[in-house]
Amino acid sequence: MRNIYIETFATFFRIGMFTFGGGYAMIPLIEQEVVARHKWVTKEEMVDLIAISQSCPGVFAINLSTFIGYKLRKKRGALCASFGTAMPSFLCILLIAMFFHQFEDNPVVAAIFRGIRPAVVALIAVPTFDLARSAKINLSNCWIPIAGALAIWAFGVSPILIILLAAFGGYIYGKYIKPTEQ
């Protein structure tokens, strides 16, 4: 039997190493590894951990891996998962910084990055739709995330205000409206 700390570090290191596009692009890999393969968390717990990770300040992928690691083995698990997630990016940035001046004007490198951008959009879109399905977003309540996104994008409303309004609205709905619907 493998050491859970080494397994946690190795799992999140692998996720961090093969994911381009940031934390949201990591969601499918994290979900496949921690929900489907290792069964460290359930699908429902994963949705909750994603929501909490998005609400906390800091890097989303680090927040998510920290919460998963903490659930597994408290502080040590959180450290192993966090370092595993951050280490590939740290090493990659270190290498790029060491050699950036040699390829910064290379047209091949520029073309590669132009090709990666649309793939990153797809990597972010797929988990967004999966999360919407898991969060039971349907035609009757899809206006909430759409209105929130439009308010942020078109009118420059602070995402913090959107989160606070959504939390308040959820509280009111759960406390006063939902009980009367049943």
#### Entry: Transitive ILVMFWY side-chain link Val41 to Ile52, under 4.5 Å
yes

### Task
Each residue besides Ile160 in its hydrophobic cluster should be listed here, by chain and number; the cluster joins Ile, Leu, Val, Met, Phe, Trp and Tyr at side-chain heavy-atom distances under 4.5 Å.
Leu164

### Task
Quick one: list whatever passes side-chain hydrogen bond (donor to acceptor under 3.5 Å, both in side chains) with Asn138, sequence neighbours left out.
Ser140

### Query
Should the ring pair Trp40 and Phe12 be called parallel, tilted or perpendicular, given that the plane angle runs from 0 to 90° and is split at 30 and 60?
parallel

### Query
Which residues pass the side-chain contact (heavy atoms from CB on, under 4.5 Å) test with Ile137, sequence neighbours left out?
Ala132, Ala135, Asn141, Cys142, Pro145

### Nearest heavy-atom neighbours spanning Pro88 and Gly84
CD-O, 3.1 Å

### Query
Any side-chain heavy-atom pair from Ile68 and Lys71 closer than 4.5 angstrom?
no

### Message
Can you list, by chain and residue number, the hydrophobic cluster partners of Ile152 when the side-chain cut-off is 4.5 Å?
### Response
Phe155, Val157, Leu161, Ile162, Leu165

### Query
Cluster question for you: counting only ILVMFWY and a side-chain heavy-atom cut-off of under 4.5 Å, with indirect links fine, are Val47 and Ile30 together?
yes

### Query
Who passes side-chain contact (heavy atoms from CB on, under 4.5 Å) against Asn106, sequence neighbours left out?
Phe103, Val108, Val109

Would you give me the side-chain donor-acceptor pairs under 3.5 Å for residues 56-67, sequence neighbours excluded?
from  : atom 1 : to    : atom 2 : distance (Å)
Asn63 : ND2    : Ser53 : O      : 3.2
Asn63 : ND2    : Cys56 : O      : 3.4
Asn63 : ND2    : Pro57 : O      : 3.4
Ser65 : OG     : Ala61 : O      : 3.0
Ser65 : OG     : Ile62 : O      : 3.0
Ser65 : OG     : Thr85 : OG1    : 3.1
Thr66 : OG1    : Ile62 : O      : 2.6
Thr66 : OG1    : Ser82 : OG     : 2.4

### Task
Run through the side-chain heavy atoms of Ile, Leu, Val, Met, Phe, Trp and Tyr, join any pair under 4.5 Å, and report what else lands in Val121's cluster.
none

#### Entry: Member of Ile50, Thr128, Val126 meeting the side-chain contact (heavy atoms from CB on, under 4.5 Å) criterion with Ile27
Ile50

#### Entry: Atom CZ of Phe13 with >12 non-hydrogen neighbours under 6.0 angstrom
yes

### Task
Just jot down the side-chain contact (heavy atoms from CB on, under 4.5 Å) partners of Arg117, sequence neighbours excluded, or say none.
Arg114

### Message
With clusters defined by side-chain heavy atoms of hydrophobic residues (ILVMFWY) lying less than 4.5 Å apart, directly or transitively, does Ile15 cluster with Val35?
### Response
yes

### Query
Are there more than 12 heavy atoms of other residues, nucleotides or ligands under 6.0 Å from atom CZ of Arg76?
no

### Leu29 side, atom CG; Met26 side, atom CE - distance, nearest 0.5 Å
8.5 Å

### Query
How would you list, by chain and number, every residue that makes a ring-ring contact (aromatic ring centres under 6.0 Å, His included) with Tyr5, sequence neighbours excluded?
none

### Task
Sort and list the pairs that fulfil side-chain hydrogen bond (donor to acceptor under 3.5 Å, both in side chains) and have at least one residue in residues 142-162, not counting sequence neighbours.
none

### Query
Is there a donor-acceptor pair under 3.5 Å between the side chain of Lys39 and the backbone N or O of Ala36?
yes

### Query
What's the spacing between Phe168 CZ and Tyr173 OH if we round to 0.5 Å?
16.0 Å

### Query
Should Leu91 and Leu79 be regarded as members of a common hydrophobic cluster, given that ILVMFWY residues are connected when their side-chain heavy atoms come within less than 4.5 Å of each other, either directly or indirectly?
yes

### Query
If Ile, Leu, Val, Met, Phe, Trp and Tyr residues are connected whenever their side-chain heavy atoms lie under 4.5 Å apart, and connections chain through other members, are Val120 and Ile112 in the same group?
yes

### Query
Is any side-chain heavy atom of Met87 closer than 4.5 Å to a side-chain heavy atom of Met17?
no

#### Entry: Residues forming a side-chain contact (heavy atoms from CB on, under 4.5 Å) with Ile6, sequence neighbours excluded
Arg2, Asn3

### Task
Could I get the full list of side-chain hydrogen bond (donor to acceptor under 3.5 Å, both in side chains) partners for Glu7, not counting sequence neighbours?
His38

